[in-house]
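Read through the structure below, which is laid out as structure tokens, and then see the notes.
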Amino acid sequence: PFTIAMALEEHRVTEESTYVCNGYKIPFENHKPIYCHKRSGHGEQTLMEALSNSCNVALMDIGVEIGRDFFYEYQHMFGFGAQTFIDLKGEQSVRGNVYTLKELDPVQLQTSSFGQGFNVTPIQLVTGFSALINGGYLYEPQIMNKVTDETGRLIEKNEPVIQRKVISEEVSDQMLNALRQVVDEGTGKRAKVEGYSIGGKTGTAEKKDRSVKEYVVSFIGFSPTVNPEVICLVVVDEPVGVNVSSRYAAKIFKDIMEDALPYLRIPKQYEETEAE
């Protein structure tokens, strides 16, 4: 989602842009192929279909269209490789988690474009992802909302702190619609919650060397898809005894949100469907 938002913001692509996935891409001449998770390929697809399908090949093409300089700049604008300034003690520098501009060569640019090769912390990911869907603003994450005494008198309140504007409201609206499509029609179908509009994105990361076949699977999602109020990130490190798939994390997300949304009194957007 971040790569597509960058490309839309810089007018490198439009929603009408199309891509062809044959199952792999060779990043430059004489380099070994980098494969899509669907080895047979996704064929021709639109920009938003590429997102819904988690198509590595299309995202690599988009990364090339963005270019190294803009990609590097936006990574930092979204907060990757930087402290979030969360209101907890002990947050450490994470500059080493992302490539420097010099390290972002053609291969690293293209693998980074579909989310591999660099690292983010969970709070960075939630903070950056929120900027995709809240109108484009990167906020400082906060644990504390307010402090009151035993009578309910307000002692202290944390006001929202905007760090910067990352993308336009127009692009943010496009991402809201696209991320809803991921859940409605794409790889995030298992995250659907009856009666609520849900948007989100699956993630699968390889750990160590590819031959080791150890993974981190994740799902980050939100609701409602108009004026989102709740965001949830599920990360499963080295899932055992299940099919290694981010759909597993999406199911956990669903289980959480089925309890969290009613508890937080988020109104339903749809009527319950009757069982046939």
Side-chain angles (χ1 to χ4, degrees), residues 1-3 5-6 9 71-101 112 115-149 154-169 171-172 175-176 179 191 198-203 205 207 216-225 227-238 246 249-250 252-253 255-257 259-261 263-266:
F2 296 97
T3 300
M6 297 175 198
E9 190 67 31
F71 192 91
Y72 175 81
E73 179 182 344
Y74 272 96
Q75 273 198 317
H76 286 270
M77 288 176 67
F78 277 114
F80 300 153
Q83 289 179 287
T84 64
F85 302 108
I86 191 171
D87 52 342
L88 293 172
K89 293 182 179 180
E91 185 178 24
Q92 301 296 308
S93 173
V94 284
R95 292 185 182 277
N97 280 5
V98 297
Y99 294 114
T100 65
L101 183 60
S112 294
Q116 295 204 12
F118 65 97
N119 295 289
V120 298
T121 67
I123 194 63
Q124 280 181 337
L125 184 54
V126 169
T127 303
F129 197 92
S130 295
L132 287 176
I133 60 174
N134 69 9
Y137 296 95
L138 188 78
Y139 283 84
E140 288 185 6
Q142 297 173 341
I143 295 295
M144 185 193 77
N145 179 26
K146 61 184 177 181
V147 178
T148 60
D149 65 16
L154 182 66
I155 297 173
E156 182 182 353
K157 182 171 177 61
N158 257 349
E159 297 296 336
V161 178
I162 297 175
Q163 295 192 47
R164 54 187 166 271
K165 178 83 164 169
V166 184
I167 58 174
S168 65
E169 289 191 19
V171 170
S172 180
M175 296 312 301
L176 278 167
L179 291 163
I198 304 289
K201 187 68 188 76
T202 50
K207 298 177 63 173
V216 175
V217 297
S218 62
F219 184 85
I220 185 167
F222 59 92
S223 184
T225 53
N227 298 321
E229 295 188 52
V230 183
I231 187 169
C232 175
L233 169 64
V234 174
V235 181
V236 184
D237 187 16
E238 297 183 26
S246 49
I252 298 173
F253 167 91
D255 293 343
I256 293 169
M257 296 292 266
D259 289 337
L261 292 172
Y263 176 78
L264 295 170
R265 299 180 181 178
I266 306 299

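Only heavy atoms go into these numbers, but all of them, side chains included; no hydrogens, no water, no symmetry mates.
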So, does Tyr99 use its side chain to make a donor-acceptor pair with the main chain of Gly117 at under 3.5 Å?
yes
Could you list the donor-acceptor pairs under 3.5 angstrom formed by side chains in residues 124-134, with sequence neighbours left out?
residue: Gln124; atom: OE1; partner: Thr121; partner atom: N; Å: 3.1
residue: Gln124; atom: NE2; partner: Gly79; partner atom: O; Å: 3.3
residue: Gln124; atom: NE2; partner: Ala82; partner atom: O; Å: 2.8
residue: Thr127; atom: OG1; partner: Ile123; partner atom: O; Å: 2.7
residue: Ser130; atom: OG; partner: Val126; partner atom: O; Å: 2.7
residue: Asn134; atom: OD1; partner: Gly136; partner atom: N; Å: 3.0
residue: Asn134; atom: OD1; partner: Tyr137; partner atom: N; Å: 2.9
residue: Asn134; atom: ND2; partner: Ser130; partner atom: O; Å: 3.3
residue: Asn134; atom: ND2; partner: Tyr137; partner atom: O; Å: 2.9

Looking at every non-hydrogen atom in both residues, tell me the closest pair between [X] and [Y] and how far apart they are.
| X | Y | answer |
| --- | --- | --- |
| Gly200 | Phe222 | N-CE2, 3.9 Å |
| Tyr72 | Thr100 | CE1-C, 3.8 Å |
| Asp87 | Ile143 | OD1-N, 2.7 Å |
| Phe118 | Ser112 | CE2-O, 3.5 Å |
| Gln116 | Ala205 | NE2-CA, 4.2 Å |
| Gly135 | Ser172 | N-OG, 3.0 Å |

Sole residue of Glu140, Glu91, Gln142 in side-chain hydrogen bond (donor to acceptor under 3.5 Å, both in side chains) with Thr84:
Glu91
Decide whether Asn158 and Lys146 meet the rule of one side-chain donor and one side-chain acceptor closer than 3.5 Å.
no
Give, for atom [atom1] of [X] and atom [atom2] of [Y], the distance between the pair rounded to the nearest 0.5 Å.
| X | Y | atom1 | atom2 | answer |
| --- | --- | --- | --- | --- |
| Gln92 | Asn97 | CD | CG | 12.0 Å |
| Ile155 | Thr148 | CD1 | OG1 | 6.5 Å |
| Phe71 | His76 | CZ | NE2 | 10.5 Å |
| Leu88 | Met144 | CG | CE | 10.5 Å |
| Met6 | Glu73 | CE | CD | 10.0 Å |
| Met175 | Lys201 | CE | NZ | 10.0 Å |

Listed by chain and number, what are the ring-ring contact (aromatic ring centres under 6.0 Å, His included) partners of Phe78, not counting sequence neighbours?
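Only Phe2 meet the ring-ring contact (aromatic ring centres under 6.0 Å, His included) criterion with Phe78.
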Partners meeting salt bridge (charged side-chain N to carboxylate O under 4.0 Å, His left out) with Asp255 (sequence neighbours left out):
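Result, salt bridge (charged side-chain N to carboxylate O under 4.0 Å, His left out) vs Asp255: Lys251.
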Step by step, would you call Ile231 with Ile220 a side-chain contact (heavy atoms from CB on, under 4.5 Å)?
CA-CA 7 Å; Ile231 187 169; Ile220 185 167; 4.1 Å; yes
More than 12 foreign heavy atoms under 6.0 Å from CG of Asn227: is that the case here?
no
Is it the case that over 12 heavy atoms from other parts of the model lie below 6.0 angstrom from the CZ atom of Arg95?
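Result for CZ/Arg95: open.
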Test side-chain contact (heavy atoms from CB on, under 4.5 Å) on Ile198 and Leu261; report intermediate values, then the result.
CA-CA 11 Å; Ile198 304 289; Leu261 292 172; 4.3 Å; yes
